[in-house]
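Bear in mind that the values here come from a model prediction, so they are computed numbers and not experimental data.
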There are 2 protein chains.
Amino acid sequence: MNELPKEMSFIINLWSVNSIISKRIDASLGTIHGIGFTEYMILFHLNNSHNKTMRRIDLANSIGLTASGITRIVSPMEKIGVVSKEQNKRDARVSLVKITTAGEVILGDATLSLKQNSKRLLEGVSESHLTNALEIFKFIGKDVYV
Amino acid sequence: MNELPKEMSFIINLWSVNSIISKRIDASLGTIHGIGFTEYMILFHLNNSHNKTMRRIDLANSIGLTASGITRIVSPMEKIGVVSKEQNKRDARVSLVKITTAGEVILGDATLSLKQNSKRLLEGVSESHLTNALEIFKFIGKDVYV
DNA sequence: GAAATAAGCTTGATTAGTCAAGTATCTATC
DNA sequence: GATAGATACTTGACTAATCAAGCTTATTTC
């Protein structure tokens with residue numbers, strides 16, 4: 001209607017598009033692999049990290065959740081054995097999270113379908129458009145895995 | 001770590017970046033104007049629509065919520081008078097939502113700070129990068145307001 | 001024009017997260 | 001080396017959304 005600055009259009013559309021897309025991804029991950037997108041992201045970040053292990057607070061920051069959000073979501077993941085709780089020798093405050101072999105298997109399977117899903121969703125978007133968007137994302141957030 | 005297809009990087013980073021950004025926007029809208037991002041989006045879409053009025057189901061689709069999500073969030077908005085409930089003469093099933101004058105005022109104020117916030121968040125991102133990203137968003141979702 | 005199906009909306013129960021407050025540990029300062 | 005402050009995490013209370021089921025009204029089909 002009224003002329004919106006591109007920056008604001010970006011924010012608004014980021015939100016709407018994410019809301020639409022993450023719902024679809026979530027549904028597909030949940031049905032096939034029994035995990036939600038957030039759980040996927042936790043496994044993904046753990047798997048990409050040094051020693052397959054992260055502090056809860058770093059996990060929180062890289063995913064965009066709060067510390068308490070991590071506590072709540074990781075606890076059932078420990079129970080079903082996809083991640084394990086480790087101690088930090090140097091600092092007794094921190095509780096480390098490590099992806100287990102079982103977790104790696106689930107992550108691998110889920111990644112396959114996620115790859116297919118994303119390709120299908122973005123079919124028709126050019127390589128250069130994607131590169132461009134990834135640059136913006138990298139600029140905004142620090143923890144971007146390309 | 002391992003070579004991810006750009007499409008999948010896009011999905012993953014869309015999610016993380018949105019989670020980070022929407023939290024900040026939400027906090028600022030909430031503190032200053034007493035509404036959340038979702039409420040803002042509802043007012044925004046209503047204001048841009050024909051007769052400032054929409055069906056709940058269309059509101060749901062354009063924002064990326066479910067019909068019940070709309071019911072729950074719109075109901076308190078009716079109580080405080082930023083939107084009103086209207087009937088559709090032709091179809092008694094539908095319940096229309098209309099932005100009120102009070103709602104327009106809040107929307108106007110909130111839009112001002114949202115504009116500032118988005119510019120600050122995206123300071124340094126080039127015009128062409130933004131245009132590019134908006135094209136992708138437009139491609140994915142149908143209800144993109146540029 | 002009756003019956004079957006679909007569309008729009010609401011409600012009860014549940015889930016995924018938040019925030020604020022509390023505990024435990026670590027670090028810095030004097 | 002005691003004290004003050006900061007950091008990591010958890011917990012209780014709450015919020016925003018979901019889904020499945022149900023209600024009402026429209027539309028299609030025969």
Measure [atom1]/[X] against [atom2]/[N] and give the value in whole Å, please.
X	N	atom1	atom2	result
B:Q87	D:dA26	CD	P	11 Å
B:D91	D:dC23	CG	P	20 Å
B:R55	D:dT24	CZ	P	20 Å
B:I35	D:dA16	CD1	P	13 Å
A:E78	D:dT10	CD	P	8 Å
A:L59	C:dG17	CG	P	12 Å
A:I70	D:dC9	CD1	C1'	12 Å
A:I20	D:dT18	CD1	C1'	16 Å

* Of B:D58 and A:R90, whose nearest nucleotide on DNA chain C comes first from the 5' end? ->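 First, find each residue's nearest nucleotide; the 5'-ward one identifies B:D58.
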* To do: Name the residue closer to the 5' end of DNA chain D, choosing between A:K85 and A:K23 according to the nucleotide with the nearest heavy atom.
  =>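 Per heavy-atom nearest nucleotide, the more 5' residue is A:K85.
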* Side chains of A:R56 and A:S95: is there a donor and an acceptor less than 3.5 Å apart? ->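 Short answer, yes.
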Assess whether one donor atom and one acceptor atom, taken from the side chain of [X] and the base of [N], lie less than 3.5 Å apart.
X	N	answer
B:R93	D:dT24	no
B:S68	D:dC19	yes
A:T66	C:dC19	no

Calculate, to the nearest 0.5 Å, the distance between atoms [atom1] and [atom2] belonging to [X] and [Y] respectively.
X	Y	atom1	atom2	answer
A:N117	A:T111	CG	OG1	12.0 Å
B:L134	A:N13	CG	CG	6.0 Å
A:L46	A:M77	CG	CE	7.0 Å

Using a cut-off of strictly less than 4.0 Å, decide whether [X] has a side-chain nitrogen or oxygen near OP1 or OP2 of [N].
X	N	value
A:T71	D:dC9	no
A:T38	C:dG17	yes
B:R72	D:dT18	no

* Side chain of B:S95: nearest nucleotide among D:dA17, D:dC9, C:dC9? ->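 Nearest nucleotide to the side chain: C:dC9.
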* Under a 4.5 Å cut-off applied to non-hydrogen side-chain atoms, are A:T38 and B:W15 in contact? ->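 Yes - at least one pair of side-chain heavy atoms lies under 4.5 Å apart.
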* To do: Would you classify A:A92 as touching base, sugar-phosphate or nothing, given that sugar-phosphate means primed atoms plus P, OP1 and OP2, and contacts are heavy atoms under 4.0 Å?
  =>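 Sugar-phosphate only.
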